[in-house]
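Since the structure is predicted, the reported quantities are computational estimates derived from the model, not experimental observations. Residue numbers start from 1 in every chain, and the chains themselves are labelled A, B, ... in the order their sequence lines are given, proteins ahead of strands. Hydrogens, waters and symmetry mates are skipped; everything else that's a heavy atom, side chains included, is used.
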Amino acid sequence: MPRPYFYVTTPIYYVNDQPHIGHAYTTILADVLARYHRALGEAVFFLTGVDEHGQKVQQAAEKRGVAPQAHCDEYALRFSRLWERLEIQYDDFLRTTQPRHINVVRAVLQRLYDQGDIYPADYAGWYSVAEERFITETEKDSGAFRDVRQLTERNWFFRMGKYQEQLIKYIEARADFIQPDSRRNEILGFLRQPLGDLCISRPKERLNWGIELPFAPEYVTYVWFDALLNYVTGPGYIADDRRFGQWWPASVHLIGKDILTTHSVYWSTMLFALGLPLPTTIFAHGWWLTGESKMSKSLGNVVNPLDLVDQYGVDPVRYYLTREMILGQDANFTLESFIKRFNSDLANDFGNLLNRVSGLIGKNFNGLVPASGELSEADQEIKAAADGLAQKVADAVAGFRIHEAIDETMLLVRLINRYVEKQAPWKVAKEDLTRAGTILYIATEGLRIAAFYLLPVMPQKANQVLEVLGAVGSAGEWGLLKPGTKLAAHEALFPRLEIAI
RNA sequence: CGCGGGGUGGAGCAGCCAGGUAGCUCACCAGGCUCAUAACCUGGGGGUCGUUCGUUCAAAUCGAACCCCCGCAACCA
């Protein structure tokens with residue numbers, strides 16, 4: 001059922017933002033998914049990028065006295081550097097100021113204009129003089145904005161409303177399109193109200209850092225037609241039909257739940273208008289909370305992912321973020337739960353198992369992987385569990401249950417620890433070295449397979465396990481660990497964190 | 001009655017769709033082992049599954065009402 005091509009996206013992040021755990025989480029998630037799908041033998045295209053147009057960039061650049069593009073060049077680096085640090089293996093990093101993207105946006109706008117889906121009208125809304133932008137009804141009511149007044153302005157609109165019925169039918173017919181289910185219901189609820197048209201422009205006198213409307217040079221397009229189209233620019237829409245045909249529609253747009261409407265409604269109707277297929281899945285994940293509230297800059301409770309990474313390493317952070325959050329729900333981030341997770345899963349179970357088997361093989365077999373003899377019933381159990389893992393992981397990943405894919409793998413690790421305990425190879429070795437060898441082969445081979453399935457989550461650490469076992473690059477099938485392989489010397493991979501909290 | 005999600009041992013979750021001894025991880029207690037990162041393994045304590053009513057031989061699971069928490073309610077990236 002999985003198609004040979006898997007195309008995953010993150011949102012494009014606003015260059016002006018300080019990269020925070022939310023950005024890091026979405027992107028790590030996309031990377032883990034991409035790596036799992038690559039491991040499952042699929043061709044993968046992983047697109048991320050930055051959104052560089054808009055009022056805030058223009059203002060920030062003016063304030064610093066630099067050209068907007070120079071400002072963007074500088075700020076975009078913060079994201080690409082972070083992704084490098086977080087071991088993000090993306091295939092494309094799109095910037096909305098790139099000519100390839102501007103071409104797509106202009107071509108799309110022209111086409112929709114030609115077919116009558118874009119028209120001029122007055123836009124009336126609440127305008128914040130201080131912020132120099134329109135604000136929402138909710139924002140106005142919050143009282144957080146001063147100098148608010150009604151403003152009417154000539155603008156351009158996209159006929160979004162006319163696609164409402166088509167969209168409702170589309171969503172109702174596809175249980176997998178918007179996930180999780182609760183979000184799907186939310187959008188269907190939203191669509192019970194009449195859907196208006198979408199304002200897509202700003203006059204240049206207010207905002208000139210944007211893509212000019214091809215049919216109205218005194219305007220630039222605002223937000224949606226600029227940002228959302230990145231998903232088709234990446235795989236080569238208009239520019240390269242063959243490549244685009246290969247990757248589009250996207251397998252999954254990973255997004256935060258805050259931009260669900262944008263993607264489910266605006267983007268879908270834009271694609272309808274263009275006659276393009278919709279992405280297979282739009283998946284909205286939850287937020288990391290600290291205590292009660294969303295982690296936000298204004299509350300000063302932002303956890304900088306780089307700090308965590310500097311202190312504990314990339315892989316444990318990737319492991320924690322993907323194991324702890326059930327995709328779609330919110331999760332609590334606390335240092336305490338991070339440390340618990342690290343110690344119980346990574347140090348005690350996974351890392352310690354490596355030390356157990358490598359120590360025993362070192363002592364009893366001069367560090368050479370022993371051969372496997374006749375398999376006992378207990379041995380068969382481990383082999384069966386390891387053999388069954390592939391399907392379990394594949395199912396969990398296909399259903400976006402990353403935490404489950406990880407947990408299934410850790411269950412194998414725990415099973416092996418139990419097996420080693422019961423088989424007691426350190427005792428058996430005194431009477432029957434051949435049998436002890438079989439036990440250790442079984443345990444080590446099981447560990448290798450567990451490490452293989454942890455590679456997408458912990459590309460460095462899981463690979464280190466494979467290095468120790470002389471099995472880098474080996475596949476997930478049973479029996480690929482070669483007897484006679486000299487185990488490499490190693491330190492503890494995940495030294496327990498003995499930190500008072 | 002705007003729409004939707006949820007309330008399960010100390011914590012975080014599964015189970016609910018296809019009713020039938022309440023499961024997992026962590027924490028706690030006791031024991032075992034001693035290969036290993038005081039790790040690992042075994043056993044145990046702890047839950048009237050938000051409340052009430054109903055359906056049923058039987059309900060965490062189905063239905064109704066109520067209480068509480070959360071999200072959405074659009075042009076905000």
So what does A227(A) touch, heavy atoms closer than 4.0 Å: a base, only the sugar-phosphate, or nothing?
-> nothing

Of S344(A) and N348(A), whose nearest nucleotide on RNA chain B comes first from the 5' end?
-> S344(A)

Base, sugar-phosphate alone, or nothing: which one does R414(A) contact when heavy atoms must sit under 4.0 Å apart?
-> sugar-phosphate

Under 4.0 angstrom, heavy atoms only, what part of the nucleic acid is R202(A) near: base, sugar-phosphate, or nothing?
-> sugar-phosphate

D395(A) meets the salt bridge (charged side-chain N to carboxylate O under 4.0 Å, His left out) criterion, sequence neighbours left out, with none

Using the ring pair (Phe, Tyr, Trp, His ring centres under 6.0 Å) rule, collect all pairs that involve residues 409-444 of chain A, keeping only residues at least two apart or in two chains.
-> none

Contact class for D226(A) vs. all strands (heavy atom < 4.0 Å): base, sugar-phosphate, or nothing?
-> nothing

Classify the nucleic acid contact of R418(A) as base, sugar-phosphate or nothing, counting any heavy atom under 4.0 Å across all strands shown.
-> sugar-phosphate

Residues at least two apart in sequence or cross-chain that pass ring pair (Phe, Tyr, Trp, His ring centres under 6.0 Å) with F400(A), listed by chain then number, are F283(A)

How does RNA chain B look in dot-bracket form if you count Watson-Crick and G-U pairs under 3.5 Å, write [ ] for pairs that cross, and put | where a base pairs with another strand?
-> .(((((((.[[[[.)....(..]]]].(((((.......))))).....[[[[[..)....]]]]])))))).....

Listed partners of T485(A) passing side-chain contact (heavy atoms from CB on, under 4.5 Å), at least two apart = V369(A), K482(A)

Base, sugar-phosphate, or nothing for L195(A), non-hydrogen atoms under 4.0 angstrom?
-> base

For Q58(A), side chain to side chain donor-acceptor pair (under 3.5 Å) partners two or more places apart | none

Whole-Å distance between A38(B) P and N343(A) CG?
-> 11 Å

Would you say the side chains of E52(A) and T97(A) form a donor-acceptor pair under 3.5 Å?
-> yes

Evaluate the ring planes of F272(A) and Y170(A), with Trp represented by its six-membered ring, and classify them as parallel (under 30°), tilted (30 to 60°) or perpendicular (over 60°).
-> perpendicular

When you measure from the centre of the six-membered ring of Y219(A), is the NZ or CZ of K204(A) under 6.0 Å away and within 45° of the axis?
-> no

OP1 or OP2 of A77(B) less than 4.0 angstrom from a side-chain nitrogen or oxygen of Y222(A), does that happen here?
-> yes

Sequence neighbours excluded, which residues qualify as side-chain contact (heavy atoms from CB on, under 4.5 Å) partners of V223(A)?
-> none

The complete set of salt bridge (Lys or Arg N to Asp or Glu O under 4.0 Å) pairs with one or both residues in residues 355-367 of chain A, sequence neighbours excluded, reads R356(A)-E421(A)

Check whether any side-chain N or O of R183(A) sits under 4.0 Å from OP1 or OP2 of C72(B), and answer yes or no.
-> no

In whole angstrom, give me the gap between the P atoms of A18(B) and G6(B).
-> 16 Å

Would you list the pairs meeting salt bridge (Lys or Arg N to Asp or Glu O under 4.0 Å) in which at least one residue belongs to residues 118-128 of chain A, sequence neighbours left out?
-> D122(A)-R154(A)

Got a sec, which residues hit side-chain contact (heavy atoms from CB on, under 4.5 Å) with L77(A), two or more places apart in sequence or on another chain?
-> S80(A), R81(A)

For D197(A), which contact category applies under a 4.0 Å heavy-atom criterion: base, sugar-phosphate, or nothing?
-> base

Considering only atom C1', compute the distance from C70(B) to U37(B) and round it to an integer number of Å.
-> 40 Å

May I have the distance from D51(A) (atom CG) to C76(B) (atom C1'), rounded to whole angstrom?
-> 13 Å

At under 4.0 Å between heavy atoms, what does M410(A) touch on the DNA or RNA strands: base, sugar-phosphate, or nothing?
-> nothing

Face-on cation placement of R202(A) at Y222(A) ring, 6.0 Å and 45° thresholds | yes

Would the number of heavy atoms belonging to other residues, nucleotides or ligands and lying under 6.0 Å from CD of Q150(A) be above 12?
-> yes

Expressed as a whole number of Å, how far does the P atom of U61(B) sit from that of C16(B)?
-> 12 Å

Between the protein and nucleotides 32-35 of chain B, list every N/O to N/O distance that falls short of 3.5 Å.
unit_1	atom_1	unit_2	atom_2	d
G32(B)	N2	E421(A)	OE2	3.0
C35(B)	O3'	K363(A)	NZ	3.2
C35(B)	O2	R356(A)	NE	3.1
C35(B)	N3	R356(A)	NE	3.2
C35(B)	N3	R356(A)	NH2	2.5
C35(B)	N4	R356(A)	NH2	3.1
C35(B)	N4	E421(A)	OE1	3.1

Does L353(A) or R192(A) map to a spot on RNA chain B nearer the 5' end, using the closest nucleotide for each?
-> R192(A)

Phosphate OP1/OP2 of A39(B) contacted by N417(A) side-chain N/O (<4.0 Å) | no

Between A22(B) and C40(B), how far is it from one P atom to the other, in whole Å?
-> 28 Å

Under 4.0 Å between any heavy atoms, over every strand shown, what does G196(A) touch: base, sugar-phosphate, or nothing? Just pick one.
-> base

How long is the line joining CZ of R323(A) and P of C26(B), in whole Å?
-> 10 Å

D17(A) (side chain) and A77(B) (base): donor-acceptor pair under 3.5 Å | yes

Might you list the N or O atoms of the protein lying below 3.5 Å from N or O atoms in nucleotides 8-16 of chain B, with each pair's distance?
unit_1	atom_1	unit_2	atom_2	d
A14(B)	OP1	Q329(A)	NE2	3.2

Quote, to the nearest angstrom, the C1' distance that separates C26(B) from A14(B).
-> 15 Å

Say you pick atom P in G54(B) and the same atom in U42(B); how far apart are they, in whole Å?
-> 44 Å

For atom P, what is the distance between G50(B) and G32(B), given to the nearest Å?
-> 40 Å

Rounded to whole angstrom units, what separation is found between the CZ atom of F350(A) and the C1' atom of U25(B)?
-> 18 Å

Span that lies between the C1' atom of U55(B) and that of C67(B), in whole angstrom = 23 Å

Between C3(B) (P) and I171(A) (CD1): distance, integer Å = 18 Å

Between atom CD1 in I361(A) and atom C1' in A36(B), what is the gap in whole Å?
-> 13 Å

For atom OH of Y320(A) and atom P of U25(B), their distance in whole Å = 19 Å

Protein-nucleotide distance (I339(A), atom CD1; A27(B), atom P), rounded to Å | 13 Å

Touch check for N352(A), heavy atoms < 4.0 angstrom, all strands: base, sugar-phosphate only, or nothing?
-> base

Are side-chain N/O atoms of Y163(A) and S268(A) paired as donor and acceptor at under 3.5 Å?
-> no

